[in-house]
Peer 1: 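Before I ask anything, let me first share the structure, which is written out below as structure tokens.
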Amino acid sequence: MREIVQRVKGTRDFYPEEMAFRTWLYGQIRIVSERFGYQEFDAPFLEKLELYAAKSGEELVKEQAFVFTDRGGSEVSLRPELTPSLARMVAQRQKELVYPLRLWSFGPFWRYEQPQKGRTREFFQWNIDLIGAAGHQADAELLSICADFFRQVGLTPQQVRINVNNRRLMDAQLQKIGVSEALKPLVFRMIDRRDKLRVDAWRTYGLEQGLTDKSIDLLVALLDDKTLWKASPELTEIFAILDRMGYADYFEFDPQVIRGLLYYTGTVFEARDAARDGRALLGGGRYENLVGDVGGDPLPGVGFAMGDVMIQVALEKYNLLPDLAVQPARIVVTCFDADSLAESYATAAEIRAAGLNTICYPEAVKLDKQLKYANRIGAKFVVIAGPDEVAAGKITVKDLEARTQTTVERGQLTAFLRSAGA
RNA sequence: GAGGCUGUGGCUCAAUGGCGGAGCAUCUGACUGUGGAUCAGAGGGUUGUGGGUUCGACCCCCACCAGCCUCCCCA
């Protein structure tokens, strides 16, 4: 037992129970994506390292990508994100694609991080993008998809919140309080840490970084101003659209959302547990030029990504995990003795031909054991054909849930199973 | 990269320096053509790995591995 080779750190085994959840999640994502008319696509899980080097630069590739040299000597990487692959795929057919282009994908990604709550090294992510629509009104569509997904899986506005901000708004406001372009990265980092440090420690941190007491006061006033969005015509219109769509309860303006502000160019957003515990459930925003780094013509877009790990944590927390049937067959055909095994297989085939999922017990063991097996896997019906039934041209169907059994004409088997609700 | 907690049969946990146990699960039987209950019995462990201290280590010390949590980071 002990010598079983362990899993790679940060990976998960998907036994049927876990696989059922993943498949269910994929299904919910598909329902929502297709409801808005998005097309599914996928990219290679393995890409040339240079694809990421071009765009994401140092941090991602050096610290967090699973990079290796293949047998031919090429540097490749398991994909740590989808956007560069998407950019390449769009650029390759930039002239022939129909815009606005709506695409979604659900698949595995790898990042070499420290596993902890809501974070693994191998995870699945939903990516969805609206490409080639320049107006900020398109941002409202992506935001409504977020809200629609939460509603779809049963998460309420009391449980999760989508926090929205705008890059241009923050730029203007920071400039207004005297934050220079050079200081901006520092201030972003400060904003990011505000919820993690105590008030005095946060101020001390700011002073150490060279900010003045006065500018910190101004920053505090800015971050606490929950009506700041009214200064942004874009946000004002986006919130109005979301309100008209009936999703307003899910949204909240939050000037502290700085998620990738250096990368995004307009609307930015992230969803969290309303109690603010745990990491973000999803995050995204508007970008200026998807394909710029891979040599395409300017092409704006808006999109977001949601990982499977945190959303599972949230669904578990709010007791929203669905009851998933792990065993697809609810009918077990028993095998009476070795001589009749072929006949049992034939009976099972007949039931399957009638469109019903069926398991045939593959060995002639004691009926008692076969019934226990049927019970353990959650089957509802057991089909039994012993010498008595065969001699009379009949077959017995046992209903494990009702604890009853009926002997019917052999030719009526599938009809009976159907009428009994199989 | 840093810190904290944890690691004992398949699972959940006892045993705190002195003979490693229990519950659940599994298997067998009571029941040779009938499942969830009950009863009886059985199997299953070099206590995460490797060192050290000790007359003696699941227990104390060191290192490593893994899990959880936090920091860092978050494209």
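Computation of the quantities below employed the complete heavy-atom set of this structure, encompassing side-chain atoms and omitting hydrogens, waters and symmetry-equivalent molecules. Letters go in sequence order (proteins before strands), and every chain restarts at 1.
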Peer 1: What nucleotide among B:U28, B:C74, B:C72 has an atom nearest to a side-chain atom of A:Lys369?
Peer 2: B:U28
Peer 1: Separation of A:Gln64 atom CD from B:C72 atom C1', in whole Å?
Peer 2: 10 Å
Peer 1: Quick one: label A:Glu113 by what it contacts on the DNA or RNA (base, sugar-phosphate, nothing), any heavy atom closer than 4.0 Å.
Peer 2: base
Peer 1: Taking donor-acceptor contacts at under 3.5 Å, does the side chain of A:Arg119 reach the base of B:C73?
Peer 2: yes
Peer 1: Using atom CG of A:Asn375 as one end and atom P of B:U26 as the other, report the distance to the nearest whole Å.
Peer 2: 11 Å
Peer 1: Which nucleotide, B:G1, B:G35, B:G33, lies nearest any side-chain atom of A:Gln114?
Peer 2: B:G1
Peer 1: Any side-chain N or O of A:Arg121 below 4.0 angstrom from OP1/OP2 of B:G67?
Peer 2: no
Peer 1: Let me know the distance between CZ of A:Arg272 and C1' of B:C74, rounded to the nearest Å.
Peer 2: 11 Å
Peer 1: Between B:G33, B:C74, B:U34, spot the one nearest the side chain of A:Pro387, thanks.
Peer 2: B:G33
Peer 1: Base of B:U34, side chain of A:Gln405 - is there a donor-acceptor contact under 3.5 Å?
Peer 2: yes
Peer 1: Only pairs under 3.5 Å count here: list side-chain donor-acceptor contacts from residues 411-422 of chain A, not counting sequence neighbours, and write none if there are none.
Peer 2:
from: A:Arg418; atom 1: NH2; to: A:Ala354; atom 2: O; distance (Å): 2.5
from: A:Ser419; atom 1: OG; to: A:Ala415; atom 2: O; distance (Å): 3.4
from: A:Ser419; atom 1: OG; to: A:Phe416; atom 2: O; distance (Å): 2.8

Peer 1: Give the rounded distance in Å between these two atoms: NZ of A:Lys398 and C1' of B:U34.
Peer 2: 5 Å
Peer 1: Let me know, please, whether A:Arg279 or A:Ala379 comes out on the 5' side of the other along RNA chain B by nearest nucleotide.
Peer 2: A:Ala379
Peer 1: Given B:G29, B:U26, B:C73, identify the nucleotide with an atom nearest to the side chain of A:Lys366.
Peer 2: B:G29
Peer 1: Counting just side-chain N and O atoms, does A:Lys117 come under 4.0 Å of either OP1 or OP2 of B:C71?
Peer 2: no
Peer 1: Using a 4.0 Å heavy-atom cut-off across all strands, classify A:Phe336 as base, sugar-phosphate, or nothing.
Peer 2: base
Peer 1: With A:Arg22 as the cation and A:Phe14 as the aromatic partner, state whether NZ or CZ is under 6.0 Å from the six-membered ring centre and within 45° of the axis.
Peer 2: yes
Peer 1: Under the side chain to side chain donor-acceptor pair (under 3.5 Å) criterion, do A:Tyr38 and A:Glu141 qualify, and how do the steps go?
Peer 2: CA-CA 11 Å; A:Tyr38 285 65; A:Glu141 175 169 311; 2.5 Å; yes
Peer 1: Pick base, sugar-phosphate or nothing for A:Gln125, based on heavy-atom distances below 4.0 Å to the nucleic acid.
Peer 2: nothing
Peer 1: Need one value for A:Arg12: base, sugar-phosphate or nothing, where a base atom within 4.0 Å counts as base even if backbone is also close, heavy atoms only.
Peer 2: nothing
Peer 1: Please pick, from B:G67, B:G35, B:C73, the nucleotide with the shortest atom-to-atom distance to any side-chain atom of A:Asp368.
Peer 2: B:G35
Peer 1: Report the distance from atom CD of A:Gln116 to atom P of B:G4, rounded to the nearest whole Å.
Peer 2: 16 Å
Peer 1: Rounding to an integer number of angstrom, what distance separates B:G44 and B:U26 when you compare their C1' atoms?
Peer 2: 9 Å
Peer 1: Salt bridge or not for A:Lys394 and A:Glu389, using N-O below 4.0 Å?
Peer 2: no
Peer 1: So, does A:Arg189 get its side chain near the phosphate of B:C73, meaning an N or O under 4.0 Å from OP1 or OP2?
Peer 2: yes
Peer 1: Whole-Å distance between B:C74 P and A:Leu281 CG?
Peer 2: 19 Å
Peer 1: For RNA chain B, write out the stems as range with range, using runs of 3 or more consecutive Watson-Crick or G-U pairs with both distances under 3.5 Å.
Peer 2: B:1-7 with B:65-71, B:10-13 with B:21-24, B:26-30 with B:38-42, B:48-52 with B:60-64
Peer 1: Looking at the side chain of A:Pro115, which of B:C73, B:G33, B:C68 is the nearest nucleotide?
Peer 2: B:C68
Peer 1: Check whether A:Phe109 forms a cation-pi arrangement with A:Arg79 (NZ or CZ under 6.0 Å from the six-membered ring centre, at most 45° off the ring normal).
Peer 2: yes
Peer 1: List for me each residue that meets side chain to side chain contact (heavy atoms under 4.5 Å, CB included) alongside A:Arg376, sequence neighbours excluded, and say none if there are none.
Peer 2: none
Peer 1: Which part of the nucleic acid, if any, lies within reach of A:Arg79 when heavy atoms closer than 4.0 Å are counted: base, sugar-phosphate only, or nothing?
Peer 2: nothing
Peer 1: Taking only the side-chain nitrogens and oxygens of A:Arg376, find out if one of them lies under 4.0 Å from OP1 or OP2 of B:U26.
Peer 2: yes
Peer 1: Hey, does A:Gly10 reach any base, or is it just sugar-phosphate, or nothing, if we go heavy atoms under 4.0 Å?
Peer 2: sugar-phosphate
Peer 1: If I take atom CH2 in residue A:Trp202 and atom C1' in nucleotide B:C71, what distance separates them, rounded to the nearest angstrom?
Peer 2: 19 Å
